[in-house]
Amino acid sequence: MKVVIVGGVAGGATAAARIRRLDEHAEIVVFERSGYISYANCGLPYYIGDVIRDPEDLTLQTPESFLSRFRIQMKVHHEVTAIHPDRKTVSVKNLETGKEFQESYDKLLLSPGAKPVWPNWPGMDNDRLFTLRSVEDAFRIKKFINENGPKSAVMVGGGFIGLEMAENLWELGMDVTIVQQPRQLMTAFDGDMASFIHAEMRKHGVKLALGYSVEGFEENNGGIDVLLKDNKPIHTDMVILAIGVSPETTLAGDAGLALGIKGSILVNDRMETSVPDIYAVGDAVQVKHYVTGENALIALAGPANKQGRIAADNICGGDSHYLGSQGSSIIKIFGMTAATTGINETNARKSGLDVDTVILSPMSRAGYYPGGKLMTLKVVFEKGTYRLLGAQILGYEGVDKRIDVLATAIRAGLKATQLKDLDLTYAPPYSSAKDPVNMAGFMIDNIAKGTLKQWHLEDAAKLPRDGSVTLLDTRTVGEYSSGHIEGFKNIPVDELRERLDEVEKGKPVYVICQSGLRSYIASRILEGNGYEAYNFSGGFRFYDAVMNDRALIETAYSCGMDK
């Protein structure tokens, strides 16, 4: 059996190694357009920022190491220019010599990846404008920085690459601005949770221009102007464009393979395309979202590796199936960690799901053990069924552990109420006896049993101030005086039983505290005394962070730049 693989990195290189492990005698040839067959794509921003200093550390495997260990021909600087399914051949061009030739195959695997979105804006040929997708891109950016010593940079786009590059350029001493049309960074997170990401970026001096539309670039005064719609340009020394990627599927389309959303390659759960003996994996393929069942494009290294393994199994006569992607991802943002899995509340509602959420602010360690850090955790679940849909966590310690537990719970089909039953490790330096994941489960179980009734951030502005409901803040007098929501009366929770005569009977009571715990206790006191009480999800800390962020974004609109 002869297997030709188009493209290396996560999907193609993984498949090549797996095929060899399953079939010692298969002839395997990999064609890679770039000069690198298997490299740490996610490490590129950290190479530019000098966190990774040796460029060889980015290379996971070389053509020589693949040949030595696996007897696989890895041909870099070779571009496959056409697929001929009827003849079971591909046309290949050696980019170093210009020579073109035909290569036959019994099985063909496509792993072409995705390419950076490159808009048709004026000034796109400016030599101070970069994208980051390959090792060669990283070398070009690093060379420009070393030779020109730029003092400022603009990131166009606020996703993974945008934030990682912003941090690493800031670490090199540059003045950094992120510009993008959406009014939040990291759209995998809900806007309320993204407020904490914004705060971390601002804390380190990164400027945020959210809700701004870029219209092009102009060379100006030894630098480059980023042209903004209805706003003055931003002058900078360099620009990195990171507004997303699109599937690299020209080859597949020209060969007559069926295409899916946004021109992606259509595959079944065996990673087979519409043409016999042709498989496809990675960022170029359409997948099913594991939670919603909807068609999706999810460009992450983990799914690409798994798909490569599954395609290899099936090429070698097995019967492996890809069950879908759930978008589990994590990112370092200066000192903060932000992680998500499944779907967020915004996308759940767009999918037509009837959802609810819990938001809590637990400590990463036992409260009595020094060094614990606060985290913010949001769990999304379906009303009625309590199906676990997704989670987002932001914090400084222990975020990765909790998001992986939640990702596993989603994959295992656990209900959100069952999070309370998980038997998780505990020692004071690592967690509390009731882990944050358990705490989320306790809250959702209370909702299911009617013990907890909630109100949410979007309800705050709609609550009547005409006396028809009671608005109650149960924090201390000092906390209340430092900031509170207009119209809320302050009765500290520890005084509530003695001051119940100040809370009028027969009216719903909307309760808030700093994190949601004291207000929950207050709600139970009120319910036990014949009141109807609703607890604010997230607490005043959460409310204040989101509202302050929204105000700063509005200020950016009015003054021209968010400080």
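Since this is a predicted model, take the numbers as computed values, not measurements. In this chain, numbering begins with 1 at the start of the sequence shown. The analysis underlying the following values was restricted to heavy atoms, covering all of them including side chains, and did not include hydrogens, waters or symmetry mates.
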Looking at [Y], is its backbone amide N or carbonyl O close enough to the side chain of [X] to form a donor-acceptor pair, meaning the two atoms are under 3.5 Å apart?
{"X": "T417", "Y": "I444", "answer": "no"}
{"X": "E167", "Y": "F334", "answer": "yes"}
{"X": "K378", "Y": "T357", "answer": "no"}
{"X": "N168", "Y": "Y47", "answer": "no"}
{"X": "E382", "Y": "G384", "answer": "no"}
{"X": "R475", "Y": "R518", "answer": "no"}
{"X": "H456", "Y": "S537", "answer": "no"}
{"X": "D466", "Y": "S468", "answer": "yes"}
{"X": "T14", "Y": "G11", "answer": "no"}
{"X": "Q180", "Y": "G159", "answer": "no"}

Should we count [atom1] of [X] as having more than 12 external heavy atoms under 6.0 Å?
{"X": "Y430", "atom1": "OH", "answer": "no"}
{"X": "D501", "atom1": "CG", "answer": "yes"}
{"X": "E498", "atom1": "CD", "answer": "yes"}
{"X": "K350", "atom1": "NZ", "answer": "no"}
{"X": "R349", "atom1": "CZ", "answer": "yes"}
{"X": "K383", "atom1": "NZ", "answer": "yes"}

Going by heavy atoms in the side chains, are [X] and [Y] under 4.5 Å from each other?
{"X": "K288", "Y": "Y322", "value": "no"}
{"X": "T340", "Y": "M186", "value": "no"}
{"X": "M193", "Y": "F542", "value": "yes"}
{"X": "R499", "Y": "P492", "value": "yes"}
{"X": "L163", "Y": "I178", "value": "yes"}
{"X": "V287", "Y": "P303", "value": "no"}
{"X": "L422", "Y": "N438", "value": "yes"}
{"X": "S515", "Y": "R541", "value": "no"}

Nearest heavy atoms of [X] and [Y], plus distance in Å:
{"X": "W455", "Y": "L463", "answer": "CZ3-CD1, 3.6 Å"}
{"X": "S246", "Y": "V117", "answer": "N-CG2, 4.2 Å"}
{"X": "A194", "Y": "Q184", "answer": "CB-NE2, 3.7 Å"}
{"X": "Y386", "Y": "A448", "answer": "OH-CA, 3.1 Å"}
{"X": "A242", "Y": "I161", "answer": "CB-CG2, 3.9 Å"}
{"X": "S432", "Y": "A366", "answer": "OG-CA, 3.5 Å"}

Next item on the list: Let me know which of T292, T341, I343 forms a side chain to side chain contact (heavy atoms under 4.5 Å, CB included) with Q326.
Entry: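 Of all the options given, the one that passes is T341.
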Are a donor atom and an acceptor atom from the side chains of [X] and [Y] found within less than 3.5 Å of each other?
{"X": "S213", "Y": "Q181", "result": "yes"}
{"X": "N535", "Y": "K453", "result": "no"}
{"X": "D459", "Y": "Y510", "result": "no"}
{"X": "S152", "Y": "T236", "result": "yes"}
{"X": "S431", "Y": "K401", "result": "no"}

Check: Taking it one step at a time, do H198 and I553 satisfy side-chain contact (heavy atoms from CB on, under 4.5 Å)?
Finding: CA-CA 10 Å; H198 300 167; I553 293 173; 4.2 Å; yes
Item checked: Worked verdict on I485 versus F536 for side-chain contact (heavy atoms from CB on, under 4.5 Å) -> CA-CA 12 Å; I485 304 175; F536 180 72; 5.9 Å; no
Could you tell me the separation between the [atom1] atom of [X] and the [atom2] atom of [Y], rounded to the nearest 0.5 Å?
{"X": "Y531", "Y": "T470", "atom1": "OH", "atom2": "OG1", "value": "8.0 Å"}
{"X": "Q418", "Y": "D445", "atom1": "CD", "atom2": "CG", "value": "10.5 Å"}
{"X": "M363", "Y": "M375", "atom1": "CE", "atom2": "CE", "value": "9.0 Å"}
{"X": "N548", "Y": "L552", "atom1": "CG", "atom2": "CG", "value": "6.5 Å"}
{"X": "D190", "Y": "E345", "atom1": "CG", "atom2": "CD", "value": "5.5 Å"}
{"X": "K434", "Y": "M439", "atom1": "NZ", "atom2": "CE", "value": "5.5 Å"}

Check: Looking at Y212, does the NZ or CZ of K229 lie under 6.0 angstrom from its six-membered ring centre and within 45 degrees of the ring axis?
Finding: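 Because its charged atom misses either the 6.0 Å distance or the 45° angle limit, K229 does not stack over Y212.
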Check: Are E486 and R465 ion-paired here, with the side-chain N under 4.0 Å from a carboxylate O?
Finding: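 No salt bridge links E486 with R465.
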Next item on the list: Determine, for R202 against D549, whether the closest basic-nitrogen to carboxylate-oxygen distance falls under 4.0 angstrom.
Entry: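 Yes.
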Check: Given E200 and K332, is the salt bridge (charged side-chain N to carboxylate O under 4.0 Å, His left out) satisfied, shown in steps?
Finding: CA-CA 11 Å; E200 185 74 8; K332 173 184 176 294; over 6 Å; no
Next item on the list: Quick one: do K207 and D175 satisfy side-chain contact (heavy atoms from CB on, under 4.5 Å)? Show the steps, please.
Entry: CA-CA 8 Å; K207 301 179 181 71; D175 183 65; 2.7 Å; yes
Checklist line | From CA spacing to verdict: side-chain contact (heavy atoms from CB on, under 4.5 Å), M201, M336 | finding: CA-CA 10 Å; M201 300 299 288; M336 175 181 278; over 6 Å; no
